[in-house]
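First the structure, in the form of structure tokens, and then the observations on it.
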Amino acid sequence: MVNYNGLYNKEFFGETLNQNHFHNKKLHFKIIENGTILPHKAIGGTDGFGGLVDAQGNFIKRSSLHNGIGDAYTPTAEVKNNFGTVVYLGMLVTAWGHCLTDGLKRLWFLKSDTYKHYFRNCPVVFTPMWWSGGGVLKISGNCWKF
């Protein structure tokens with residue numbers, strides 16, 4: 001057992017840190033045919049919009065950084081047409097904590113038999129958040145190593 005004495009308020013957290021937080025849920029993925037990947041678009045007072053929309057323009061929940069945050073917007077010229085199949089792994093924030101948590105949540109798919117058998121030759125795509133565009137996104141330091 002790890003000694004957390006002095007590191008947190010025991011009255012607030014109770015035994016939460018000593019509980020098993022692993023789930024036995026089966027992981028799954030979704031195929032979106034003729035979808036559009038919307039780049040992150042900062043909108044004042046929000047975490048911004050972006051993620052995936054299907055062929056009918058419906059926003060795909062869970063395609064933004066956090067569940068329940070994000071929405072679709074009308075694409076502009078910044079969206080490039082590519083009619084190939086890609087593996088979308090979500091939004092990427094180049095801040096270390098986000099790299100560890102948000103960047104990890106979909107990487108499991110790259111180890112799956114489905115990916116290895118059907119999608120291994122497809123480009124892997126992240127949508128960079130809070131990136132002004134106009135050049136190559138630079139990922140450096142620990143996020144790049146990760």
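What's counted below: heavy atoms across the whole structure, side chains too, no hydrogens, waters or symmetry copies.
At least one side-chain heavy atom of Cys122 sits less than 4.5 Å from a side-chain heavy atom of Thr85.
Annotation for Met91 and Phe49: closest pair CE-O, 4.2 Å, computed over non-hydrogen atoms. Minimum interatomic distance between Phe119 and Ile31 (heavy atoms only, all atoms of both residues): CZ-CD1, 4.1 Å. Closest approach of Ile32 and Leu52 over heavy atoms only: CG1-CD1, 4.4 Å. The nearest pair of heavy atoms linking Thr127 to His40 is CG2-N, 3.4 Å.
Within a 6.0 Å radius of CD in Glu33, no more than 12 heavy atoms belonging to other residues, nucleotides or ligands are found. Residue Lys116 qualifies as enclosed at atom NZ: its count of foreign heavy atoms under 6.0 Å is above 12.
Atom OG of Ser63 is separated from atom CZ of Arg106 by 7.0 Å, given to the nearest 0.5 angstrom. Separation of atoms CZ (Phe83) and CG (Asn34) is listed at 8.5 Å; rounding is to 0.5 Å. In this structure, OG1 in Thr114 is found 11.5 Å from CG in Leu27, a value given to the nearest 0.5 Å.
Residues satisfying the ring-ring contact (aromatic ring centres under 6.0 Å, His included) criterion with Phe29, sequence neighbours excluded, are Phe109.
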Could you walk me through whether Leu110 and Val124 satisfy the side-chain contact (heavy atoms from CB on, under 4.5 Å) test, starting with their C-alpha distance in whole Å, then the side-chain angles of each, then the deciding distance to 0.1 Å, before giving a yes or no? CA-CA 9 Å; Leu110 302 180; Val124 174; 4.1 Å; yes
Using side-chain contact (heavy atoms from CB on, under 4.5 Å), reason through Leu107 and Leu89 one step at a time and then give a plain yes or no. CA-CA 7 Å; Leu107 286 178; Leu89 292 181; 3.8 Å; yes
Output, in order, the C-alpha distance, side-chain angles, deciding distance and verdict of side-chain contact (heavy atoms from CB on, under 4.5 Å) for Val53 and Ile37. CA-CA 7 Å; Val53 292; Ile37 300 172; over 6 Å; no
Stepwise side-chain contact (heavy atoms from CB on, under 4.5 Å) test for Tyr115 and Val87: CA-CA 9 Å; Tyr115 171 78; Val87 175; 4.0 Å; yes
